[in-house]
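Here is the structure we will look at.
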Amino acid sequence: MTSQRTRQRLVERLMDQGVTNHQVLDVMGDTPRHIFLDEALSHRAYEDTSLPIGYGQTLSQPYIVARMTEVLIGAAGKLERVLEVGTGSGYQTSVLAQLVPQVYSVERIKPLQDKARERLRKIGLRNVELKHADGGFGWPERGPFDGILSTAAPREVPPELLQQLAPDGVLVIPVGGVTQELRLIIRDGDSDNFVTQVLEPVKFVPLLSGVTR
Ligand code: SAH
């Protein structure tokens with residue numbers, strides 16, 4: 001269940017679904033997704049489906065983790081500092097941390113953040129800084145970011161996230177309510193112009209405001 005062979009099958013499925021970035025495929029083939037789930041669910045870790053992580057939240061489907069990461073990497077020039085909104089289980093965080101030098105991740109539910117911190121420590125990723133806060137406001141003290149990836153969907157793109165993009169910075173974010181679309185938004189140089197591309201329909205948990213202990 002947790003073997004290299006099982007993860008290789010996941011990688012093959014991702015390729016069948018159109019994921020082409022080899023760095024992303026390699027990292028997903030190497031990352032133990034089962035440790036980001038509670039034990040009762042860990043046997044389903046390599047199915048291509050989203051899975052519950054408690055508190056009404058979900059670990060995203062592997063395809064969407066791969067796709068968002070691939071889009072972020074493909075669209076960004078330099079990618080040294082990345083902000084993730086919605087740490088959740090920490091799985092997407094760990095994929096990012098193996099591809100970029102410094103990852104910052106914000107989560108509003110404290111117990112989820114605590115578990116994610118423990119898991120990231122367990123697999124030895126040290127280039128991640130976590131914060132318990134409402135990520136709709138980004139993380140101004142750590143910005144600007146070359147890339148921002150949101151794993152929760154706001155109704156509208158929070159202006160704070162746009163403001164915290166570095167020149168030519170890239171935001172990958174699901175937007176909407178009952179129906180949602182994945183958007184790729186790129187800052188045009190150091191201007192306040194942003195170019196938006198709509199990528200595909202998606203289904204994420206909502207970006208909620210405030211924090212819970
Ligand atoms: N990246 C996660 C996906 C978790 S689901 C993973 O790989 O497991 C999205 C997460 O976003 C949830 O944990 C939810 O609590 C969090 N979230 C929702 N609104 C948020 C906000 N305003 N600030 C920070 N985190 C938020």
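Just follow the structure's listing: the first ligand is 1, and inside any ligand the first atom is 1.
Of all the atoms in ligand 1, the ones that sit under 4.0 Å from a non-hydrogen atom of Asp134 are 21 (C), 22 (N), 23 (N). Listed by number with element, the atoms of ligand 1 under 4.0 angstrom from any heavy atom of Leu112 are 13 (O). When each atom of ligand 1 is checked for a heavy atom of Pro206 under 4.0 Å away, the hits are 18 (C), 19 (N). Short contacts between ligand 1 and Leu59, defined as distances under 4.0 Å to a heavy atom of the residue, involve ligand atoms 6 (C), 7 (O), 8 (O). Atom numbering of ligand 1 starts at 1 in the shown order; those under 4.0 Å from a heavy atom of Glu84 are 1 (N). Of all atoms in ligand 1, numbered sequentially from 1 with element shown, those under 4.0 Å from a heavy atom of Ala152 are 11 (O), 18 (C).
Of the N or O atoms in Gly135, one or more lie within a sub-3.5 Å distance of an N or O in ligand 1. Considering both main-chain and side-chain atoms, Val205 never comes within under 3.5 Å of ligand 1 through any nitrogen or oxygen pair. Residue-to-ligand polar distances keep Ile109 apart from ligand 1: every N/O pair is separated by 3.5 Å or more.
Look at Ala133 and you'll find a heavy atom under 4.0 Å from some atom of ligand 1.
For the residue pair Ser105/Gln113, the side-chain donor-acceptor check at 3.5 Å is not satisfied.
Arg142 forms no cation-pi arrangement with Tyr104, by the criterion of a distance under 6.0 Å to the ring centre and an angle within 45° of the ring axis.
Both the backbone and the side chain of Gln92 come within 4.0 Å of ligand 1, judged by heavy-atom distances. Contacts of Ser209 with ligand 1, taken as heavy-atom pairs under 4.0 Å, are absent altogether.
Ion pairing between a basic and an acidic side chain is recognised when a charged N comes within 4.0 Å of a carboxylate O; Arg121 and Glu118 show such pairing. A salt bridge links Glu70 with Arg67: the distance from a Lys NZ or Arg NE/NH1/NH2 to an Asp or Glu carboxylate oxygen falls below 4.0 Å. Salt-bridge check for Lys78 with Asp146: passed, with a basic side-chain N closer than 4.0 Å to an acidic carboxylate O.
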Exercise. What do the steps show when you test Leu171 against Leu162 for side-chain contact (heavy atoms from CB on, under 4.5 Å), and what is the final call?
Worked result: CA-CA 8 Å; Leu171 170 62; Leu162 296 174; 3.9 Å; yes
Exercise. Are Thr93 and Val95 close enough, and set up right, to give a side-chain contact (heavy atoms from CB on, under 4.5 Å), and what steps lead you there?
Worked result: CA-CA 5 Å; Thr93 324; Val95 168; over 6 Å; no
For this session: Before giving the answer on side-chain contact (heavy atoms from CB on, under 4.5 Å), spell out for Ile123 and Ser94 the whole-Å C-alpha distance, their side-chain angles and the decisive distance to 0.1 Å.
Result: CA-CA 9 Å; Ile123 60 173; Ser94 78; 3.9 Å; yes
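Taking atom 9 (C) of ligand 1 as the reference point, the nearest protein heavy-atom neighbour is Thr151 O, 3.3 Å. When hydrogens are left out, the protein atom nearest atom 6 (C) of ligand 1 is Ser89 OG, 3.5 Å; that is the closest non-hydrogen contact. Closest to atom 11 (O) of ligand 1, if we only count protein heavy atoms, is Gly86 CA, 3.2 Å. Scanning all protein heavy atoms for the shortest distance to atom 15 (O) of ligand 1 gives Glu107 OE2, 2.6 Å. In this structure, the protein non-hydrogen atom closest to atom 20 (C) of ligand 1 is Arg108 CD, 3.3 Å.
The option with the heavy atom closest to atom 19 (N) of ligand 1, from among Leu208, Thr212, Thr58, Thr87, is Leu208. For the residues Gln113, His132, Gln57, Lys110, the heavy atom positioned nearest atom 14 (C) of ligand 1 is part of Gln57.
Of all heavy-atom pairs between Pro158 and Ile173, the closest is CD-CD1, 4.1 Å. The two residues Ile186 and Ala75 make their nearest non-hydrogen contact at CD1-CB, 4.1 Å.
Put simply, the residue from Glu84, Lys131, Glu160 that forms a side chain to side chain contact (heavy atoms under 4.5 Å, CB included) with Trp139 is Lys131.
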In residues 53-64, what donor-acceptor pairs under 3.5 Å come from side-chain atoms, sequence neighbours left out?
from  : atom 1 : to     : atom 2 : distance (Å)
Gln57 : NE2    : Tyr55  : O      : 3.1
Gln61 : NE2    : Asp48  : OD2    : 3.3
Tyr63 : OH     : Glu200 : OE2    : 3.0

